[in-house]
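What you are looking at is a predicted structure, and each value in this text was computed from that prediction instead of being measured. Note: hydrogens, waters and symmetry copies are ignored here, and every other heavy atom, side chains too, is used.
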Amino acid sequence: MLNKIVAQVIKAGKTYKTGDTEITALQASSMDIKSGELTLIIGPSGSGKTTLLSLLGCVIYPSFGEVLIDGIKVNGLSEKELSAIRLEKIGFVFQTFNLIAPLNALENVMMPMQLQKVLQSDAAKRAIEALEKVGMGEKTKSLPKQLSGGEQQRVAIARALVSNPQMILCDEPTASLDVKSVEVVMSELKKLASQGKAVAVVTHDTRLSPFANKIVYVNDGMVADKPFKEEEFKVK
């Protein structure tokens with residue numbers, strides 16, 4: 001279903017205490033992530049965008065406010081329950097790919113399903129289908145070191161996709177890629193959004209803006225729907 005609200009942040013934020021000092025990583029913020037949309041979360045380093053992504057990904061609890069995933073309020077859930085939501089409803093794509101070096105592309109993509117205790121034969125079939133979706137069907141037996149950066153990132157996208165999550169969260173997925181690979185990876189993410197996934201991409205790079213259905217800007221722990229100051233978002 002398109003335009004379904006998959007994740008909600010409602011006046012939520014995050015603070016940390018260091019001794020007697022309280023640090024606000026993210027001020028009270030509200031936003032929705034919807035199916036069928038690629039949402040770009042743009043901000044400079046240290047702005048709070050990764051904290052926002054961590055709240056959406058159920059990696060941390062909000063210090064105040066509410067976070068809902070598929071209508072489930074996560075604030076009061078146990079670590080085990082949060083882990084189950086991450087496994088069943090959320091796929092993660094990281095800047096550093098996080099592929100396991102001794103495993104080939106197929107085995108890397110099968111990893112989430114092994115955690116879900118899916119039968120080996122079913123897991124292999126689904127992994128092959130996921131790799132084919134991102135144009136990596138002919139690279140199933142390749143080790144990460146035999147793949148280019150763009151190819152490794154596409155395997156990482158397949159791994160995020162294989163458990164059929166409602167939402168895919170990407171943390172600087174193009175930062176280590178050349179221009180051609182950036183185009184390929186963002187096109188794949190855009191295609192997933194058009195097929196009904198909710199996709200959120202954290203980046204500092206405004207060159208990704210043409211791929212977005214919606215852009216959220218983060219700076220100094222604050223979230224807005226337009227840039228704070230243009231010069232703060234120049235590509236570094």
- Query: Is any side-chain heavy atom of Met110 less than 4.5 Å from a side-chain heavy atom of Gln120?
  - Reply: yes
- List the steps and the verdict of side-chain contact (heavy atoms from CB on, under 4.5 Å) for Asn3 and Glu37. CA-CA 7 Å; Asn3 296 316; Glu37 287 186 349; 4.1 Å; yes
- Query: Between the main-chain N or O of Tyr61 and the side-chain N or O of Asn75, is there a donor-acceptor pair closer than 3.5 Å?
  - Reply: no
- Sequence-distant partners of Asp220, side-chain hydrogen bond (donor to acceptor under 3.5 Å, both in side chains), two or more places apart: none
- Item | Side-chain donor or acceptor of Glu183 paired with backbone N/O of Lys180 under 3.5 Å | no
- Query: How long is the gap from CD on Gln152 to CG on Asn98, to the nearest 0.5 Å?
  - Reply: 10.5 Å
- Apply side-chain contact (heavy atoms from CB on, under 4.5 Å) to Asp225 and Val216, showing your working. CA-CA 5 Å; Asp225 58 4; Val216 174; over 6 Å; no
- Message: Could you check whether any side-chain heavy atom of Val9 comes within less than 4.5 Å of a side-chain heavy atom of Leu56, counting everything from C-beta outward?
- Response: yes
- Message: Has Lys214 got a side-chain atom pairing as donor or acceptor with Asp32's backbone, closer than 3.5 angstrom?
- Response: yes
- Examine distances only and state if a side-chain atom of Ser163 and a backbone atom of Pro112 form a donor-acceptor pair shorter than 3.5 Å. no
- Kindly indicate whether the side chain of Arg154, heavy atoms from C-beta on, has any atom under 4.5 Å from the side chain of Val185. yes
- Message: I want to check something: taking the side chain as every heavy atom from C-beta on, are Val93 and Leu169 in contact at a cut-off of under 4.5 Å?
- Response: no
- Flag yes if Leu53 and Phe94 sit in one hydrophobic cluster, no otherwise; membership is Ile, Leu, Val, Met, Phe, Trp, Tyr, and two members link when side-chain heavy atoms are under 4.5 Å apart. yes
- Counting only N and O atoms by type, is there a donor-acceptor contact under 3.5 Å from the side chain of Glu88 to the main-chain atoms of Ile85? no
- Side chain of Arg86, backbone of Cys58: donor and acceptor closer than 3.5 Å? yes
- Task: Tell me, with the steps shown, if Asn164 and Lys197 meet side-chain hydrogen bond (donor to acceptor under 3.5 Å, both in side chains).
- Result: CA-CA 9 Å; Asn164 197 28; Lys197 298 294 182 188; 2.5 Å; yes
- Message: Any non-hydrogen side-chain atom of Leu147 less than 4.5 Å from a side-chain atom of Met136?
- Response: yes
- Message: Are the side chains of Phe64 and Thr15 in contact, using a 4.5 Å heavy-atom criterion?
- Response: yes
- Message: Could you tell me if the side chain of Val223 sits less than 4.5 Å from the side chain of Leu26, heavy atoms only?
- Response: yes
- Task: Please answer whether the main-chain N or O of Thr50 pairs with a side-chain N or O of Ser54 as donor and acceptor at a distance below 3.5 Å.
- Result: yes
- So, the side chain of Arg159 versus the backbone of Ala130: is there a donor-acceptor pair under 3.5 Å, distance only? no
- Evaluation steps, side-chain contact (heavy atoms from CB on, under 4.5 Å), between Ser176 and Gln95: CA-CA 7 Å; Ser176 304; Gln95 174 184 343; 3.7 Å; yes
- Message: Between Asp70 and Gln166, is the side-chain contact (heavy atoms from CB on, under 4.5 Å) condition met? List the steps.
- Response: CA-CA 8 Å; Asp70 197 23; Gln166 297 181 48; 3.0 Å; yes
- Any donor and acceptor pair, going by atom type alone, linking the side chain of Thr18 with main-chain N or O of Thr21 inside 3.5 Å? no
- Task: Report the distance from atom CD of Gln153 to atom OG of Ser148, rounding to the nearest 0.5 Å.
- Result: 10.5 Å
- Query: Under 4.5 Å between side-chain heavy atoms, hopping through other hydrophobics if needed: is there a path connecting Val184 to Ile157?
  - Reply: no
Let me check something: any side-chain donor-acceptor pairs from residues 99-109 under 3.5 Å, sequence neighbours excluded? List them with distances.
from	atom 1	to	atom 2	distance (Å)
Asn104	OD1	Leu106	N	3.1
Asn104	OD1	Glu107	N	2.8
Glu107	OE1	Asn104	N	2.9
Asn108	OD1	Ile100	N	2.7
Asn108	ND2	Ile100	O	3.2
Asn108	ND2	Leu103	O	3.0
Asn108	ND2	Asn104	O	3.2

- Item | Nearest-0.5 Å distance that lies between atom CE in Met186 and atom CG in Leu208 | 5.0 Å
- Query: Regarding Thr24 and Gln27, is there a side-chain donor-to-acceptor distance under 3.5 Å anywhere?
  - Reply: no
- Item | CG on Leu177 to CD on Glu151, rounded to 0.5 Å | 11.0 Å
- Item | Value rounded to 0.5 Å, distance of CG in Leu52 from CD1 in Ile60 | 9.0 Å
- Side-chain donor-acceptor pair under 3.5 Å between Asp205 and Thr203, yes or no? no
- Item | Partners passing side-chain contact (heavy atoms from CB on, under 4.5 Å) against Lys191 (at least two apart in sequence or in another chain) | Glu188, Ser194, Gln195
- Establish whether Val202 and Val59 are linked, either directly or via other cluster members, by ILVMFWY side-chain heavy-atom contacts under 4.5 Å. yes
- Query: Quick one: does Lys14's side chain have a donor or acceptor within less than 3.5 Å of a partner on Ser63's backbone?
  - Reply: no
- Check the pair Glu66 / Lys11 against salt bridge (charged side-chain N to carboxylate O under 4.0 Å, His left out), numbers first and verdict last. CA-CA 7 Å; Glu66 297 181 352; Lys11 296 181 180 179; over 6 Å; no
- Item | Rounded distance (nearest 0.5 Å) linking atom CD1 of Ile215 with atom CD1 of Ile42 | 5.0 Å
- Is it true that Met167 and Ile10 fall in one hydrophobic cluster, defined by side-chain heavy atoms closer than 4.5 Å? no
- Under a 4.5 Å cut-off applied to non-hydrogen side-chain atoms, are Lys49 and Ser47 in contact? yes
